[in-house]
Amino acid sequence: MPTALLTGITGQDGSYLAELLIKKGYRVIGVARRSSTVNYERIHHLLDDITVVQGDLQDQGSLLAMLEEYKPSEVYNLAAQSFVPTSWNQPALTGDITALGVTRMLEAIRFVNPKIRFYQASSSEMFGKVMEVPQSEETPFYPRSPYGVAKVYGHWITVNYRESFDIFAVSGILFNHESPRRGLEFVTRKISDGVARIKTGKAKELRLGNLEAQRDWGFAGDYVEAMWLMLQQDKPDDYVVGTGETHSVKEFCEIAFSHVGLDYKEFVVMDEKFYRPAEVDLLISNPAKTRKQLKWEPQVSFKELVTMMVDADVARHQKS
Ligand code: NAP
Ligand code: F7E
């Protein structure tokens, strides 16, 4: 039975990747940082099948100790301070976790067992003010937030450890991926939750920022399969993962509200509070390499994603 160690197990992607790896017969070790209240909401249903260990990307010793103890053959580094607006309020913390945290994990691998295969959760936010449309593995980076800057560091330190120490280290440059398990502050979940609140009479409006921003949105459950495939290749490499389509926040609203028989124009209020100091206006992937080499294709369409999220939030609000 192979062993995989996942940081970010309590996050959206951690929960989907753990489900996939359990199905594939892995022993799954999930790293969670200590907090005063337990936040296992996304992994409750998995607790009998995984081992949760305490550790933190800010603490080198905890990473070394867990690799020594559990001897994984694969490490998926999904942990990060991942919310872009927070990265302007806490830029140094974001750099410490999202950038330097990658080095700490790579150092742990180098010292404990350089044969461990390593996946780094890189991001389309690295493309920022895009230098090319659509964006591929060859597109130069131009990050637009402290989060994006930190992810560029994480990407290049991953490439550097591959080239310096011959570690099987890959960087998956994933475009936005969403699900009913997405954090409530991200725009897609904020919209699906807002629609559900309005539909069930708990709210009268939904306040949003820039409705013109365009993103390449896919389903998180599809994207974790690409992460796993990257670590099963003969050689380590970097891959762009996305749908190759782009949609605006406005389009997301249109579909989400109309799915429950409402017109978004009557409920969405634009609020400058949600505008960013520097915006990423347009993201659209060119996933040709991933499709060819990993034979990976997204299964859930944009419309299916939106309606899946709205249905889940409506059901949740109807119960509570
Ligand atoms: P998420 O839901 O925000 O989860 C982030 C995880 O990181 C949580 O489990 C969080 O733990 C953990 N974490 C934060 N700081 C930590 C620390 N110091 N030590 C250990 N764990 C820590 O993010 P996600 O959407 O699943 O994304 C997974 C990864 O992919 C992230 O690195 C993100 O930046 C990257 N990414 C995401 C997308 C996307 O569209 N979802 C696209 C590209 C890249 P707590 O629960 O304790 O906060
Ligand atoms: O914003 C606009 C906002 O916060 C998307 C993270 O997973 O994906 C995510 O980062 C767009 C932006 O995601 C609101 O200005 C409008 O243009 O859902 P988001 P993000 O910033 O794209 C990347 C790939 C990651 O790697 C990150 O970790 O939506 N927008 N109105 C809004 N955004 C939010 N959050 N809230 C609003 O009210």
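When a ligand or atom number is given, it counts from 1 through the structure's own listing order. The structure presented is a predicted model; accordingly, all values stated were derived computationally and were not measured.
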Considering non-hydrogen atoms of the protein only, which is the closest contact for atom 12 (C) of ligand 2, and what is the distance? R215 NH2, 3.4 Å
Atoms of ligand 2 under 4.0 Å from any heavy atom of S124, numbered from 1 in the order shown, are 24 (C)
Taking 4.0 angstrom as the limit and counting only heavy atoms of S123, give me the atoms of ligand 2 inside it, by number and element. 23 (C), 24 (C), 25 (C), 26 (O)
Note: ligand 2 atoms sitting under 4.0 Å from heavy atoms of L208 are 31 (N), 38 (O)
Looking at A213, which atoms of ligand 2 are within less than 4.0 Å of one of its heavy atoms? 17 (O)
Taking only heavy atoms of N39 into account, list the atoms of ligand 1 that are under 4.0 Å away from them. 45 (P), 46 (O), 47 (O)
Honestly, for R182 the part within reach of ligand 2 (heavy atoms, under 4.0 Å) is side chain
With F267 via side-chain contact (heavy atoms from CB on, under 4.5 Å) - residues at least two apart: I198, F257, L262
Are more than 12 heavy atoms from other residues, nucleotides or ligands located less than 6.0 Å from atom CD of Q232? yes
Which ligand 1 atoms does G11 reach within 4.0 Å, using its non-hydrogen atoms? 2 (O), 4 (O), 8 (C), 9 (O), 26 (O)
At under 4.0 Å between heavy atoms, is it the side chain or the backbone of F186 that contacts ligand 2, or both, or neither? both
So is R182 actually on top of F186's ring, under 6.0 Å and inside 45° of the axis? yes
Taking only heavy atoms of S82 into account, list the atoms of ligand 2 that are under 4.0 Å away from them. 6 (C), 27 (C), 28 (O)
Mind telling me whether F219 and Y16 have parallel, tilted or perpendicular rings, with 30° and 60° as the class edges? perpendicular
Report the C-alpha distance between D313 and S192 in whole Å, list the side-chain angles of each, state the deciding distance to 0.1 Å, and finish with yes or no for side-chain hydrogen bond (donor to acceptor under 3.5 Å, both in side chains). CA-CA 6 Å; D313 276 322; S192 64; 2.7 Å; yes
Close approach of Y275 to ligand 2, heavy atoms, under 4.0 angstrom: no
Y147 heavy atoms within 4.0 Å reach ligand 2 at atoms 25 (C), 26 (O), 27 (C), 28 (O)
W217 to ligand 2: N or O pair under 3.5 Å? no
When distances are taken from atom 31 (N) of ligand 2, the protein heavy atom at minimum range is G209 N, 2.8 Å
Have a look at N176, N210, D216 and point out the one with the heavy atom closest to atom 2 (C) of ligand 2. N210
Are any of the side-chain nitrogens in E19 or R181 under 4.0 Å away from the carboxylate oxygens of its partner? yes
Heteroatom distance test (V84, ligand 2): nitrogen or oxygen, under 3.5 angstrom: no
Could you go through R162 and D238, starting from their C-alpha distance and side-chain angles, then the distance that decides it, and tell me whether this counts as salt bridge (Lys or Arg N to Asp or Glu O under 4.0 Å)? CA-CA 11 Å; R162 179 165 82 215; D238 306 321; 2.9 Å; yes
Can you check whether T188 has an N/O within less than 3.5 Å of an N/O in ligand 2? no
Which ligand 2 atoms are under 4.0 Å away from a heavy-atom of F274? 38 (O)
Is the closest heavy atom of R181 to ligand 1 under 4.0 Å? no
Contact atoms of ligand 1, heavy-atom distance to N176 under 4.0 Å: 40 (O)
Counting non-hydrogen protein atoms only, what is the nearest one to atom 15 (O) of ligand 2? Give residue, atom name and distance. E279 OE2, 2.6 Å
Between R316 and D193, is the closest basic N to carboxylate O distance under 4.0 Å? yes
When you check the gap from the basic side-chain N to the acidic O, do E107 and R110 get nearer than 4.0 Å? yes
Work out which heavy atom in Q81 is nearest to a heavy atom in S87; give both atom names and the distance. NE2-N, 3.6 Å
List ligand 2 atoms under 4.0 Å from F83, heavy atoms only on the residue side. 4 (O), 35 (N)
For K303, does the NZ atom sit with more than 12 other heavy atoms under 6.0 Å from it, leaving out its own atoms? no
Relative to atom 36 (N) of ligand 2, which among E185, E212, Q12 owns the nearest non-hydrogen atom? E185
Taking only Lys NZ, Arg NE, NH1 and NH2, and the carboxylate oxygens of Asp or Glu, determine whether R291 and E297 approach each other closer than 4.0 Å. yes
Distance under 4.0 Å to a non-hydrogen atom of L78: what atoms of ligand 1 satisfy this? 28 (C), 29 (C), 31 (C), 32 (O)
Structural part of Q12 in contact with ligand 1, heavy atom criterion under 4.0 angstrom: both
More than 12 heavy atoms of other residues, nucleotides or ligands under 6.0 Å from CZ of F274: is that the case? yes
I need the contact type for K190 against ligand 2. Using non-hydrogen atoms and a strict under-4.0 Å cut-off, is it side chain, backbone, both or neither? side chain
At under 4.0 Å between heavy atoms, which part of R182 makes contact with ligand 1: side chain, backbone, both or neither? side chain
Looking only at heavy atoms, what is the nearest atom pair of D59 and R104, with distance? N-CD, 4.4 Å
Could you establish whether S122 and ligand 1 come within less than 4.0 Å of each other, counting only heavy atoms on the residue side? yes
Examine L174 against ligand 1 and note whether any of their N/O atoms are separated by less than 3.5 Å. no
Region of I97 engaging ligand 1 - heavy atom pairs below 4.0 Å: side chain
Ion pair K292/E137, N-O distance below 4.0 Å: no
Using a 4.0 Å heavy-atom threshold (strictly under), name the region of Y147 that reaches ligand 1: side chain, backbone, both or neither. side chain
Passes salt bridge (Lys or Arg N to Asp or Glu O under 4.0 Å), R189 versus E178? Steps please. CA-CA 8 Å; R189 185 73 197 290; E178 319 292 316; over 6 Å; no
Closest to atom 47 (O) of ligand 1 (heavy atoms only, candidates R33, M126, R34, K151) is R33
Test of understanding: given a 4.0 Å heavy-atom threshold, classify the contact between A220 and ligand 1 as side chain, backbone, both, or neither. neither
Among residues at least two apart in sequence or on other chains, which ones pass side-chain contact (heavy atoms from CB on, under 4.5 Å) with P91? P146
shortest atom 21 (O) of ligand 2-to-protein heavy-atom contact is with R276 NH1, 2.6 Å
Can you establish whether the number of heavy atoms outside N39 located under 6.0 Å from its atom CG is more than 12? yes
V187 N/O to ligand 2 N/O under 3.5 Å: yes
My understanding is that we take every heavy atom of each candidate and find the minimum distance to atom 27 (O) of ligand 1. Doing that for L6, T94, D13, which one comes out nearest? D13
Heavy atom of T7 under 4.0 Å from ligand 1? no
Under 6.0 Å from the NZ atom of K289, do we count more than 12 heavy atoms belonging to anything else shown? yes
Minimum heavy-atom separation for A196 to T200, with atom names? O-OG1, 2.7 Å
